[in-house]
Amino acid sequence: MKNIFKFLLITLLTVSCKTEEPKKVKAEVSKETLEKHVEVLASDDFQGRMPFTEGGAKTTKYLEQEFKKLGLEPGNGDSYFQDVPMVEIDGTPSSIMKISGNNKKYNLELLKDFVVTTSKTDDLVSLKDSELVFAGFGIVAPEYGWDDYAGVDWKGKTAVVLVNDPGFQSGDKNLFKGNEMTYYGRWTYKFEEAARQGAAGVLIIHETEPASYGWNVVQSGWSGAHLTLESNLPKVDVNGWISFDTANKLFASSTIQNKNFNELARTKGFKAMPLGLNASVKIKNKIKKDQSKNVVALLPGTDQKDEYIIYSAHWDHLGVGRPIANDSIYNGAVDNASGTAALLAIAEAFKNSPQQKRSIVLLAVTAEEQGLLGSAYYSEHPIYPPKKTVANINMDAFNNPGPMKDLTITGYGHSEMDEYGKFAAEEQGRYIIPDPSPEKGYFFRSDHFNFAKIGIPPIYAKGGHEGFDISVDSMKVLNDNYRKNVYHQPSDEYFPGVTDLTGIRFDVQLLFNIGYRLSNETNFPKWYDTSEFKAARE
């Protein structure tokens, strides 16, 4: 089976082509540099780069050493590190979740039917006969006149909620943002809102299309230890997911007569509905408090050195986890050894270019896979003033099989960073497109989101829709395969001498070009009036 994964990943990364290079490049991003660092960071020696592990410590040390070799200054005073205090919660759930009520009793099986975690640091947390209440999409959005939690005293109860938001596949472009996911559709929001409402637990109903990943990703990503920032914000006792089949079983045994829960939740004026069922489950915790690290380096500018452009990439992945095809190391070659290597390659390109006017910050953040924690901590404790930070250029999970004709901008339409992307794309003979799958909510799923929240305009862009030598249909097949068989799986590996990073280098060159242009201007890219992030900048 692993040989099949290897073949599929090699296929994904080995198509290449020749195309005209940009004419105004100050320096070349080195493909050899990218290859060298991806090979190291994605090797078994780094054990999947999980924070709070030997592999995580090895990663931050490696990045510090490489920044020093390039002659970059420490980015946090006299240190290359920003300590990020976190809590590791290694929870062991009970093997079953007991369901009772409506004259029925049955058990759900861990991993097969449900996964649960907790953000609480008690030795034991549990739901004991917690009443299950269907809370639609689990959203409170006054601007849309929407409140799925209204009219219920949630103390002791568990909210059962849908993934994504009401606009998804509704056919109504005026319902939320139509098919484009809002932040209300993200699992992070749903856990946060259930806690604000005082619920004891929350269970998200998984569906592959609206979640944009399969149940296997939930099984892998929600098993074993996980990390959270230390916080005084409210928390539910139990966060979890249930499979779609399990949800159907619950509703079939419930007191709700209309079993079409998707349509019920989209009805204007929907009110939360008790299922007539109770749930019981326990989680035994081992707690470890420690610090992970954001790694940050600085390349000072000249006469505008107090203005900053931040390149970001997360260095972490999932570490050692549930074995699949006899492999338990989640190497994370695409996600995100590729982006971390790009940070180093871009730093090298800047060092080989005429010195820029503005300062360049290279920021490798921790714990993105745990909920964008490293960038969230940076946004709450910024090293460089947000008002003086010109832009963020974020790099995450490059997997293009050769140079792409398109530059897909995730979050297109928010700021003038779109224009910088368009200019750089045209230099390479490319065109730009918005994210063709806005329903998947990618804008909220990488670290640029936390920069946007504090008013810093980001660009998160890469090719992936159409190649110079590969069709749109073929790209769809390859992208679907990546999401199904590679994303967050042990099969996300690098194969020295086989994997071709030509296409990745093409994208990284473009992102270098954007940053170099910005670094020699006086302009601060503006948010468009229609963006919800404009107010934070102002």
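The side-chain hydrogen bond (donor to acceptor under 3.5 Å, both in side chains) test applied to E66 returns K69, not counting sequence neighbours. Scored by the side-chain hydrogen bond (donor to acceptor under 3.5 Å, both in side chains) test, N392 finds S312 as partners (sequence neighbours excluded). Take E369 and apply the salt bridge (charged side-chain N to carboxylate O under 4.0 Å, His left out) test, not counting sequence neighbours, and it matches no residue. Every residue was checked against the salt bridge (charged side-chain N to carboxylate O under 4.0 Å, His left out) condition with K453, not counting sequence neighbours, and none meets it. Take E466 and apply the salt bridge (charged side-chain N to carboxylate O under 4.0 Å, His left out) test, not counting sequence neighbours, and it matches K405. Taking N76 as the reference, nothing meets the side-chain hydrogen bond (donor to acceptor under 3.5 Å, both in side chains) condition, with sequence neighbours excluded. In terms of the salt bridge (charged side-chain N to carboxylate O under 4.0 Å, His left out) criterion, residue partners of R266 (sequence neighbours excluded) are, by chain and number, E263. Checked against side-chain hydrogen bond (donor to acceptor under 3.5 Å, both in side chains), T340 has no partners two or more places apart in sequence or in another chain. Every residue two or more places apart in sequence or in another chain that forms a side chain to side chain contact (heavy atoms under 4.5 Å, CB included) with E416 is listed here: N523, P525, K526, Y528.
Put simply, CD on E143 and CZ on F176 are 7.5 Å apart, with the number rounded to the nearest 0.5 Å. Of the inter-residue distances, the one linking S519 atom OG with Y308 atom OH reads 14.0 Å to the nearest 0.5 angstrom. Atoms NZ and CE, on K422 and M417 in that order, are 15.5 Å from each other to the nearest 0.5 Å. Atom CG of D447 and atom CG of L372 lie 5.5 Å apart (nearest 0.5 Å). Note that the CG atom of N336 and the CH2 atom of W315 stand 12.0 Å from one another [nearest 0.5 Å]. Atom OH of Y189 and atom CZ of R186 lie 14.0 Å apart (nearest 0.5 Å).
In summary, of the residues considered (W146, F261, F134), a ring-ring contact (aromatic ring centres under 6.0 Å, His included) with F270 occurs for F134 alone. When F451, Y460, F533 are each tested for a ring-ring contact (aromatic ring centres under 6.0 Å, His included) with F443, only one passes: F533.
Annotation for Y149: atom OH counts as buried by contact number, over 12 foreign heavy atoms lying within 6.0 Å. For K31, the NZ atom counts as densely surrounded, since its 6.0 Å shell holds more than 12 non-hydrogen atoms of other residues, nucleotides or ligands.
Checking side-chain atoms of R430 against main-chain N and O of M404 turns up a donor-acceptor pair under 3.5 Å. Formation of a donor-acceptor pair under 3.5 Å by the R358 side chain with backbone atoms of D306 is not found in this model. With K190 contributing its side chain and F137 its backbone, the two residues share a donor-acceptor pair below 3.5 Å. Panel note: side chain D148, backbone G136; no donor-acceptor pair is recorded below 3.5 Å. For the pair N294 (side chain) and Q82 (backbone), a donor-acceptor distance under 3.5 Å is absent. For the pair R505 (side chain) and V29 (backbone), a donor-acceptor distance under 3.5 Å is present.
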Could you walk me through whether N331 and D492 pass the side chain to side chain contact (heavy atoms under 4.5 Å, CB included) test, one step at a time? CA-CA 6 Å; N331 302 80; D492 184 2; 5.9 Å; no
When you look at I393 and I310, which way does the side chain to side chain contact (heavy atoms under 4.5 Å, CB included) test go after all the steps? CA-CA 6 Å; I393 300 171; I310 297 179; over 6 Å; no
What do the steps show when you test H314 against D396 for side-chain hydrogen bond (donor to acceptor under 3.5 Å, both in side chains), and what is the final call? CA-CA 7 Å; H314 72 91; D396 191 359; 3.1 Å; yes
Given L373 and V84, is the side chain to side chain contact (heavy atoms under 4.5 Å, CB included) satisfied, shown in steps? CA-CA 9 Å; L373 301 185; V84 181; 5.7 Å; no
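Salt bridge status for K462 with D406: absent, with no side-chain N to carboxylate O gap under 4.0 Å. Taking the charged nitrogens against the carboxylate oxygens, D480 and R483 do have a contact shorter than 4.0 Å, which makes a salt bridge. Using a cutoff of 4.0 Å between basic side-chain nitrogens and carboxylate oxygens, R196 and E193 are scored as salt-bridged.
Scanning both residues, I470 and P401, for their nearest heavy atoms gives CD1-CG, 4.4 Å. Taking each heavy atom of Y213 and R445 in turn, the nearest pair found is CD2-NH2, 3.7 Å.
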Would you mind writing out the side-chain donor-acceptor pairs for residues 295-304 within the sub-3.5 Å range, not counting sequence neighbours?
{"unit_1": "Q304", "atom_1": "NE2", "unit_2": "E307", "atom_2": "OE1", "d": "3.0"}
{"unit_1": "Q304", "atom_1": "NE2", "unit_2": "E521", "atom_2": "O", "d": "3.0"}

Let me have the donor-acceptor pairs involving side chains of residues 432-439, under 3.5 Å, with sequence neighbours excluded, atom names and distances please.
{"unit_1": "D435", "atom_1": "OD1", "unit_2": "S437", "atom_2": "N", "d": "2.9"}

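Between F512 and Y516, the two ring planes are tilted [angle within 30° to 60°]. Aromatic ring pairs are classed by plane angle as parallel below 30°, tilted from 30° to 60° and perpendicular above 60°; the pair W527 and H414 is perpendicular. Using the six-membered ring where Trp is involved, Y183 and F444 have ring planes that are tilted, between 30° and 60° apart.
Y184 is not listed as a side-chain neighbour of N164, based on a closest heavy-atom distance of 4.5 Å or more.
Legend: side chain to side chain donor-acceptor pair (under 3.5 Å) pairs involving residues 345-356, not counting sequence neighbours, sorted by first then second residue: T33-E348.
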